[in-house]
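These numbers come from a predicted model, not from an experiment.
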Amino acid sequence: MSFIRYFICLCVGTLCAQNQIATVAMDSVTLKADQFIDVDKFETVYYTLNTILYIKPKDKPANNYSNVQLGFPTTVDAFNPLKINIFYQDFNTVIILDNRLAEIFKIDFNTKQPYKNVSHISTGYDNTLWTFNQDLQRLELYDYKNDMVRISTVPVQSNVLDLKSDYNYCWMLTEKYLYQYTYFGSLISKLPNLNYTSLAVHNENLIIKAGESLLYKSKKNEQIIPLKTPNLLIKQFSLTNQTLYIYDSKKLHKYQLKIK
């Protein structure tokens, strides 16, 4: 155990010794939210407060959605604003909304045969969701229109911390590794988890949280580089192009990444 701790400290020390990526403060706005979700390229802000999902376009009033029966959303995936996925883990259920926050599909995994105990979900291509089947300990690409699993991966042996995706890839962070899969379910990358706890993805580039620090991984290589960020609480964060958003529980801060 002492060797493992030494190895992790050595890796983190080596990482911090690398050149950091600078961030330039651009703006900050007051935001009252339980969970900051994302900001899209049109600067629409997605967040939740109590049981309500809010979508706040720039310079316009916010729209909102809530489901009294299902209560508090566990996660919201707004990668595709035309199909916003809300996951209610306590009820093992996903609600899919359109861009006007009207319900277009409901997936109750409790009613599926075989039964699915899902812990994480993320957007897939077409009418699919990436889901982590907690009982089988594997990632599955679930086709909700046809009620079938298109793809399943080899089971993993540690708890899943985060799951993010786009139309081409899916990234799964576990307590031991950060995995990257193609939309065919093929594993193309497996990196050790060095105290990573959560992810944000945009254009196949990653922002990774490790402790109270943020790291950057380009889609071009496997190198993970620290970001030089101000000393503030990082409650949630997101990435849009080369713009980093950090929510500190009171304000939403906007930074430009200076990537060479």
Side-chain angles (χ1 to χ4, degrees), residues 1 3-5 7-8 11-12 70 73-77 79-80 83 85-96 105-201 204-211 215 217 219 221-222 224:
M1 183 62 70
F3 173 77
I4 295 174
R5 291 198 187 100
F7 176 75
I8 293 175
C11 291
V12 171
L70 297 176
T74 305
T75 58
V76 179
D77 186 343
F79 168 74
N80 180 354
K83 292 181 179 179
N85 302 311
I86 310 180
F87 179 45
Y88 299 88
Q89 186 175 2
D90 289 345
F91 291 88
N92 207 25
T93 296
V94 176
I95 300 292
I96 300 177
F105 214 89
K106 179 180 179 180
I107 308 163
D108 184 350
F109 291 110
N110 299 300
T111 64
K112 303 302 177 184
Q113 294 295 330
Y115 168 79
K116 295 180 183 299
N117 181 16
V118 174
S119 65
H120 293 76
I121 67 103
S122 192
T123 299
Y125 61 90
D126 294 335
N127 299 308
T128 64
L129 292 174
W130 287 103
T131 63
F132 186 74
N133 188 321
Q134 194 160 260
D135 291 338
L136 299 178
Q137 285 291 292
R138 71 185 187 190
L139 185 64
E140 298 176 341
L141 185 65
Y142 175 66
D143 183 334
Y144 55 84
K145 282 286 183 72
N146 295 304
D147 189 20
M148 60 177 290
V149 174
R150 292 190 187 180
I151 294 164
S152 60
T153 66
V154 174
V156 297
Q157 303 302 318
S158 61
N159 293 327
V160 174
L161 304 177
D162 204 355
L163 188 68
K164 293 291 189 296
S165 61
D166 57 23
Y167 294 133
N168 296 317
Y169 299 101
C170 182
W171 292 264
M172 182 170 68
L173 179 65
T174 73
E175 292 175 337
K176 293 182 179 179
Y177 296 101
L178 171 59
Y179 299 88
Q180 182 181 359
Y181 299 91
T182 68
Y183 67 90
F184 291 116
S186 301
L187 178 64
I188 60 173
S189 176
K190 179 181 176 182
L191 301 176
N193 181 344
L194 301 180
N195 198 34
Y196 308 151
T197 54
S198 56
L199 308 170
V201 178
E204 301 173 20
N205 301 310
L206 303 184
I207 298 292
I208 305 170
K209 186 180 180 187
L215 314 170
K217 180 186 178 300
K219 62 183 176 183
N221 54 59
E222 298 296 282
I224 298 177

Exercise. After noting the C-alpha distance and the side-chain angles of Leu161 and Tyr196, does the key distance pass the side-chain contact (heavy atoms from CB on, under 4.5 Å) rule?
Worked result: CA-CA 9 Å; Leu161 304 177; Tyr196 308 151; over 6 Å; no

Exercise. Could you walk me through whether Ser198 and Asp162 pass the side chain to side chain donor-acceptor pair (under 3.5 Å) check?
Worked result: CA-CA 6 Å; Ser198 56; Asp162 204 355; 4.8 Å; no

For this session: Can you measure from OG1 (Thr75) to CG (Leu163) and round to the nearest 0.5 angstrom?
Result: 9.0 Å

Exercise. Using 30° and 60° as the class limits, which term best fits the ring planes of Tyr179 and Tyr181: parallel, tilted or perpendicular?
Worked result: parallel

Problem set entry | Check: Lys219 main-chain N/O paired with Asn205 side-chain donor or acceptor under 3.5 Å | yes

Exercise. Any side-chain heavy-atom pair from Lys217 and Glu222 closer than 4.5 angstrom?
Worked result: yes

Exercise. With a 4.5 Å heavy-atom cut-off, do Leu206 and Ile224 have their side chains touching?
Worked result: no

Seminar exercise, completed: Interatomic distance, OG1@Thr197 vs NZ@Lys209, rounded to 0.5 Å, equals 5.0 Å

Problem set entry | Atom pair NZ/CZ of Lys83 and Phe105 - distance to nearest 0.5 Å | 9.5 Å

Problem set entry | Stepwise salt bridge (Lys or Arg N to Asp or Glu O under 4.0 Å) check, Glu140 with Arg150 | CA-CA 7 Å; Glu140 298 176 341; Arg150 292 190 187 180; over 6 Å; no

Exercise. So with a 6.0 Å cut-off around OH of Tyr177, is the heavy-atom count from everything else above 12?
Worked result: no

Problem set entry | Rounded distance (nearest 0.5 Å) linking atom OG1 of Thr111 with atom NZ of Lys106 | 9.0 Å

For this session: Please confirm whether the backbone N or O of Tyr115 pairs with a side-chain atom of Asn110, one donor and one acceptor, at under 3.5 Å?
Result: no

Exercise. Just by modelled atom types, is the Leu173 backbone N or O under 3.5 Å from a matching donor or acceptor in the Asn193 side chain?
Worked result: no

For this session: Could you check if a side-chain atom of Lys145 sits within less than 4.5 angstrom of a side-chain atom of Asp143, using non-hydrogen atoms only?
Result: yes

For this session: Decide side-chain contact (heavy atoms from CB on, under 4.5 Å) for Val156 and Phe132; before the verdict, give the C-alpha distance in whole Å, the side-chain angles of both, and the deciding distance to 0.1 Å.
Result: CA-CA 10 Å; Val156 297; Phe132 186 74; 3.9 Å; yes

Seminar exercise, completed: Closest non-hydrogen contact found for Ser122 with Asp77 is OG-OD2, 3.2 Å

For this session: Check whether any side-chain heavy atom of Pro73 sits under 4.5 Å from a side-chain heavy atom of Tyr88, and report yes or no.
Result: yes

For this session: Answer whether the closest heavy-atom distance between the side chains of Ser152 and Leu139 falls below 4.5 Å.
Result: no

For this session: Please tell me if the side chains of Val94 and Leu129 come closer than 4.5 Å, counting only heavy atoms from C-beta onward.
Result: yes

For this session: To the nearest 0.5 angstrom, please state how far the CH2 atom of Trp171 sits from the CG atom of Leu191.
Result: 12.5 Å

For this session: Determine yes or no for a side-chain-to-main-chain donor-acceptor pair under 3.5 angstrom, with Asn92 supplying the side chain and Val118 the backbone.
Result: yes

Problem set entry | Centroid-centroid distance, Tyr125 to Tyr167, less than 6.0 Å | no

Problem set entry | Derivation of the side chain to side chain donor-acceptor pair (under 3.5 Å) call for Asn80 and Thr123 | CA-CA 8 Å; Asn80 180 354; Thr123 299; over 6 Å; no

Problem set entry | Side-chain (Thr174) to main-chain (Lys176) donor-acceptor, under 3.5 angstrom | yes

Exercise. Taking atom OH of Tyr144 and atom CG of Asp126, what is their separation to the nearest 0.5 Å?
Worked result: 9.0 Å

For this session: Might you point out which heavy atoms bring Trp130 and Gly124 nearest each other, and give the distance in Å?
Result: CD1-CA, 4.0 Å

For this session: Determine, stepwise, if the pair Asn85 / Ile121 fulfils side-chain contact (heavy atoms from CB on, under 4.5 Å).
Result: CA-CA 8 Å; Asn85 302 311; Ile121 67 103; 3.8 Å; yes

Exercise. Would you find a donor on one side and an acceptor on the other, under 3.5 Å apart, between the side chain of Thr182 and the backbone of Ser186?
Worked result: yes

Problem set entry | Close side-chain approach of Tyr142 to Thr128, heavy-atom, < 4.5 Å | no

Exercise. Under a 4.5 Å cut-off applied to non-hydrogen side-chain atoms, are Phe109 and Thr93 in contact?
Worked result: no

Exercise. Step by step, would you call Gln89 with Ser119 a side chain to side chain donor-acceptor pair (under 3.5 Å)?
Worked result: CA-CA 6 Å; Gln89 186 175 2; Ser119 65; 5.3 Å; no

Exercise. What do the steps show when you test Asp166 against Asn168 for side chain to side chain donor-acceptor pair (under 3.5 Å), and what is the final call?
Worked result: CA-CA 6 Å; Asp166 57 23; Asn168 296 317; 4.9 Å; no

Exercise. Could you go step by step and tell me if Asp90 and Thr74 meet the side-chain contact (heavy atoms from CB on, under 4.5 Å) rule?
Worked result: CA-CA 8 Å; Asp90 289 345; Thr74 305; 5.6 Å; no

